[in-house]
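Everything below concerns the one structure shown next.
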There are 2 protein chains.
Amino acid sequence: MSTKRREGNNRRQELIEAALDCIENEGLQGATVRKVADYAGVTNGLIRFYFSSKDELIRAAYAALLEKIYASARVNIEDSQLPAKERLRRFIEATLSFPIVSPRTVLLWANFLPLTYIDEQMAAIRSDGYVETTNILQPLIKATLEDHEQLITDQESARSAVKINAVIDGLWLEGSMAGYKFENGELAQMGLETASAILAIEL
Amino acid sequence: MSTKRREGNNRRQELIEAALDCIENEGLQGATVRKVADYAGVTNGLIRFYFSSKDELIRAAYAALLEKIYASARVNIEDSQLPAKERLRRFIEATLSFPIVSPRTVLLWANFLPLTYIDEQMAAIRSDGYVETTNILQPLIKATLEDHEQLITDQESARSAVKINAVIDGLWLEGSMAGYKFENGELAQMGLETASAILAIEL
DNA sequence: ATCATTATTATGCAAGTGTATAAATTTATG
DNA sequence: CATAAATTTATACACTTGCATAATAATGAT
């Protein structure tokens, strides 16, 4: 009946972080219960104290990864009263910068992705996040176009959103896997240039 | 000293195909030697007769996947004397159509990708193919620009290549994972539109 | 037909897997 | 301090894993 939770008891988060580190370095195959425990500096039994199964740990790690990505993407976007164009700019810049652009993020993403086709609960975690991003980008693009009095149909603006989303994803992949090719900010610059070309608006 | 190879002895290819099927359906974790053998309709011991280890089978399967992808991408491109613009168009259309655009391809790609960061030989297989594609797209773009007397620096055309490559990758991901959203040819159409916007040339 | 080679199965093994359970330790609270 | 609860470890177990090895079946050459 007591609130005995020791302050600074972040073991659960530590285990999730250890799982992500382990998956990043060893792959999902290599991420056994014992190795994850090693990464966290504990013994394997402890994982079952915080998670009902290894699968649940994996799911928690996936959810934590997506949350971190989306949090980074939303930086400087959400509560500001800035014009749509400026928020769109910032969104593109954020998604094409560290930490979203990094080998770690893309590696973790790739490791988890196949699980979302096998495990229903993993699929649910992914689709939750997917809805979240498209719900950011699409209205931003529509508002930007309206501000510039680009009169196009909803269908057209939806197509533009798909295109810009694709550019972001593709540059994210390339920048994450061959980051040495790009100087600081170059990737975001290319993203903005391409989005400008798609929308026929200087961002 | 005899060429005793029985005609129609495609067991090795069958095993590779079975491995890909198994990875697609069960994930890399689920692709055990025994399950792959099940997919091929043989017993597990046979795999070691054709491959020195499970890892070698995985590598062969990865190489086979990439070869198939690149072969599909090169369709109607290589030996033709068509103008650069037309070949660029066809390249974009091919990479944004079945079978490259499919859940199977993207799933297999995602499953293998992390291994290329862990296993050196897998990394070599990937970089071989990577060089191959960039060596197709980049000259095609440069030639197209020159045909249209777009006078830009090599650096500029290289940047355009990165952008178009990103659009292709992003649309490929989206189309493969949410294919129900797009009608036949719509994805390729969007790819061409975006590439046109990037190059300021009607493709 | 016979025999050597190739292809395939059957079986076993040591190591590693996730998980369960009990013991030990730490922490909070009276 | 004493004691109960929370946390962590230690250990064991059933099962799966990749791989080895011997036995069997199919095939080709003579």
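To find a chain, count down the sequence lines: A is the first, B the second, and so on, and within it residues start at 1. Below, each value reflects all heavy atoms present in this structure, side chains not excepted, and no hydrogens, waters or symmetry copies.
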**Study point:** Qualifying ring-ring contact (aromatic ring centres under 6.0 Å, His included) pairs, either residue in residues 80-129 of chain A, two or more places apart
**Key:** A:Y62-A:F112, A:W109-A:W172
Check your understanding: Are A:R89 and A:E86 ion-paired here, with the side-chain N under 4.0 Å from a carboxylate O?
Key -> yes
Protein-nucleotides 23-25 of chain D N/O pairs under 3.5 Å:
none

Check your understanding: Who pairs with A:K142 by salt bridge (charged side-chain N to carboxylate O under 4.0 Å, His left out), at least two apart in sequence or on another chain?
Key -> A:D154
**Study point:** Chi angles and distances behind the side-chain hydrogen bond (donor to acceptor under 3.5 Å, both in side chains) call for A:T105, A:S102
**Key:** CA-CA 5 Å; A:T105 302; A:S102 63; 2.8 Å; yes
Point to revise | A:Y50 side chain near D:dT8 phosphate (N/O to OP1/OP2, under 4.0 Å) | key: yes
Check your understanding: In whole Å, what is the span from the CZ atom of B:R48 to the C1' atom of D:dC19?
Key -> 5 Å
Exercise for review: Would you mind reading off the distance between B:F49 atom CZ and D:dC19 atom P, rounded to a whole angstrom?
Suggested key: 17 Å
Point to revise | For atom CD1 of B:I47 and atom P of D:dA20, their distance in whole Å | key: 14 Å
Point to revise | Distance in angstrom units between B:N44 CG and C:dT11 P, rounded | key: 12 Å
Check your understanding: If you measure from the Lys or Arg side-chain nitrogens to the Asp or Glu carboxylate oxygens, is any gap between A:E56 and A:R59 under 4.0 Å?
Key -> no
Study note, to complete from the structure: Ranking A:S53 and B:G45 by the position along DNA chain C of their nearest nucleotide, the one closer to 5' is B:G45
**Study point:** Atom pair distance, as rounded to whole Å: CD in A:E14 and P in D:dT7
**Key:** 13 Å
Check your understanding: Tell me, which of residues 54-62 of chain A have any heavy atom that sits under 4.0 Å from an atom in DNA chain D?
Key -> none
Check your understanding: Looking only at heavy atoms, what is the nearest atom pair of A:L140 and A:T144, with distance?
Key -> O-OG1, 2.7 Å
Quiz: residues 19-31 of chain A side-chain donor-acceptor pairs under 3.5 angstrom, not counting sequence neighbours:
{"from": "A:D21", "atom 1": "OD1", "to": "A:R104", "atom 2": "NH1", "distance (Å)": "2.7"}
{"from": "A:D21", "atom 1": "OD1", "to": "A:R104", "atom 2": "NH2", "distance (Å)": "3.4"}
{"from": "A:E24", "atom 1": "OE1", "to": "A:R104", "atom 2": "NH1", "distance (Å)": "2.6"}
{"from": "A:N25", "atom 1": "ND2", "to": "A:D21", "atom 2": "O", "distance (Å)": "3.2"}
{"from": "A:N25", "atom 1": "ND2", "to": "A:Y39", "atom 2": "OH", "distance (Å)": "3.3"}
{"from": "A:E26", "atom 1": "OE2", "to": "A:Y39", "atom 2": "OH", "distance (Å)": "2.7"}

Check your understanding: Roughly how many Å is it from CG in A:L46 to P in C:dT21, rounded to a whole number?
Key -> 17 Å
Study note, to complete from the structure: Base-pair string, DNA chain C, Watson-Crick plus G-U, cut-off 3.5 Å on both distances, | for inter-strand, is ||||||||||||||||||||||||||||||
Point to revise | Separation of atom CZ in B:R12 from atom P in C:dA7, rounded to whole Å | key: 12 Å
Review point. What are the two closest non-hydrogen atoms of B:I100 and B:A94, and how far apart are they?
Key: CD1-O, 3.9 Å
**Study point:** Residues from residues 25-40 of chain B lying under 4.0 Å of DNA chain D - heavy atoms
**Key:** B:T32, B:V33, B:R34
Study note, to complete from the structure: salt bridge (charged side-chain N to carboxylate O under 4.0 Å, His left out) filter on A:R126, not counting sequence neighbours, yields none
Review point. Should A:R11 be listed as having a side-chain N or O under 4.0 Å from OP1 or OP2 of D:dA6?
Key: no
Exercise for review: Using the test salt bridge (charged side-chain N to carboxylate O under 4.0 Å, His left out), find all partners of B:R87 that sit at least two apart in sequence or belong to another chain.
Suggested key: none
Point to revise | Nearest heavy-atom neighbours spanning B:A200 and B:Q150 | key: O-NE2, 3.3 Å
Exercise for review: Could you tell me which residues satisfy side chain to side chain contact (heavy atoms under 4.5 Å, CB included) with B:T43, sequence neighbours excluded, listed by chain and number?
Suggested key: none
Got a list of side-chain donor-acceptor pairs under 3.5 Å for residues 180-191 of chain B, not counting sequence neighbours?
{"from": "B:K181", "atom 1": "NZ", "to": "A:Y130", "atom 2": "OH", "distance (Å)": "2.8"}
{"from": "B:E186", "atom 1": "OE1", "to": "B:E183", "atom 2": "N", "distance (Å)": "2.8"}
{"from": "B:Q189", "atom 1": "NE2", "to": "B:E193", "atom 2": "OE2", "distance (Å)": "3.1"}

Taking distance alone, no hydrogens or angles, what donor-acceptor pairs closer than 3.5 Å link side-chain atoms of residues 64-72 of chain A to residues at least two apart or in another chain?
{"from": "A:Y70", "atom 1": "OH", "to": "A:G129", "atom 2": "O", "distance (Å)": "3.3"}
{"from": "A:S72", "atom 1": "OG", "to": "A:K68", "atom 2": "O", "distance (Å)": "3.0"}

